Amino acid sequence: MIPAKGYAAQNPQSDLAPWDFEVREVGHHDVQIRIMYCGVCHTDLHQIRNDWYPGIFPMVPGHEIIGEVISVGDHVKKFSPGDWAGVGTMVDSCGHCHECGHGHEQLCTDGTVWTYNSMGKDGLPTYGGYSNVIVVNEHFALQVSKTLDPRGVGPLLCAGITTYSPLRRFRVGEGHKLAVLGLGGLGHMAVKFGLAFGARVTVLSNSPAKREDAYQLGAHDFIDMSDAAQAESVKGTFDFIIDCVSAKHDLNLYLGLLATNGVHICVGIPSEPFELSAFSLLSGNKSVAGSGSGGIQETQEMLDFCAEHDITADVELIDIKDVNAAFERMVRGDVRYRFVIDLNTL
Ligand code: NAP
């Protein structure tokens, strides 16, 4: 086993604190990655707090990983030492079910192995990127262009693909009015992709202070949802809403902002279920859809698209000792727009 160090939560009530652990030796198809940067996703906080289901503790979060390949197994084809590699939300899947066969490893019917808070096929828990090293099968490592600023790449591996994938699936583009609900880590990536795909992009936010940021990101319009008159002014107008909100909110209100045949795409995962009136759907033939991260092939496509269009996340770099304070700021909405941990500070 290879010694590793990181920051872990020992239980759902504890802060993250330094913790030593081990990762597996490099197998024939594995790459060993020295982690350079890791994004702080709201999912990390949901998971260490058991917001959705009981977790596996100690838990080392982090699934927005970029680092340098330092060792490769003898059958590895995609990587050489010195390359940059990314790791997103998953590190293994069965590889032979219908979903895996179609490049949807995140939907593996045998059970996707997540990057942390998951049991690997070796029966050992997985540990994430708030740490110095990860060993992963090369299939689950993504190739990262060295033309991109590495500090802004980690968030592409989750916030990026989670917004890119449904916008592509619904072919959002020119002639469409796209609303991005919740201008956080996912939301700001949805704005960037929506614009890159040619849509007219409106930010729907409950934080009026983010108005200028939204315009600087390139959004065409900004609606302060805490102002009833502003909310009323966009009723029945959007073809798509991509919902990136992490906390409880009223879906019926937002369905009212969709045009006929509009689609509300849920990517945010509040811990409480939605209450949904059938009338909110019937009036205007509306749909609610969901989307979870994306497959490996599509994630590579997204990274290549970002390299071509020079798209990265807007980040605030932090020392790992400040990660608990960063969680608190994230809950307050005080992040522009992704905290990224510099693992050199570990
Ligand atoms: P984040 O950076 O904290 O952004 C969440 C945004 O939601 C905030 O910036 C805020 O936007 C809005 N918001 C927060 N509380 C709200 C409330 N009470 N009412 C209305 N709006 C509120 O979080 P994130 O990292 O982008 O993640 C967002 C959600 O997506 C989380 O639930 C996360 O677990 C989930 N997620 C899902 C997937 C997937 O595969 N589907 C992948 C990654 C993350 P405004 O200030 O603009 O209002």
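We count ligands from 1, going down the list as the structure has it; atoms in each ligand are counted the same way. Just so we're clear, the structure is a prediction, and the values are computed from it rather than from any experiment. Heads up: numbering here begins at 1 and tracks the sequence.
Under 3.5 Å, the side chains of His104 and Glu298 contain no donor-acceptor pair of N or O atoms.
The environment of NZ in Lys78 is crowded: more than 12 heavy-atom neighbours from other residues, nucleotides or ligands sit within 6.0 Å.
Around ligand 1 you find Cys41, His42, Thr43, His46, Trp52, Cys158, Thr162, Gly182, Leu183, Gly184, Gly185, Leu186, Ser205, Asn206, Ser207, Lys210, Cys244, Val245, Ser246, Ala247, Val267, Gly268, Ile269, Ser291, Gly292, Ser293, Met330, Arg338, each with a heavy-atom distance below 4.0 Å.
Partners of Ala325 under the side-chain contact (heavy atoms from CB on, under 4.5 Å) rule, at least two apart in sequence or in another chain, do not exist in this structure. For His46, the ring pair (Phe, Tyr, Trp, His ring centres under 6.0 Å) partners at least two apart in sequence or on another chain are His42, Trp52.
Leu276 shares a hydrophobic cluster with Leu181, Leu204, Ile223, Met225, Val234, Phe238, Ile241, Val245, Leu251, Leu253, Tyr254, Leu255, Leu257, Leu258, Phe274, Leu281, Val288; the chain of contacts runs through ILVMFWY side chains whose heavy atoms sit under 4.5 Å apart.
In plain terms, the two heavy atoms of Gln106 and Ser293 that are nearest each other are CB-OG, 3.7 Å.
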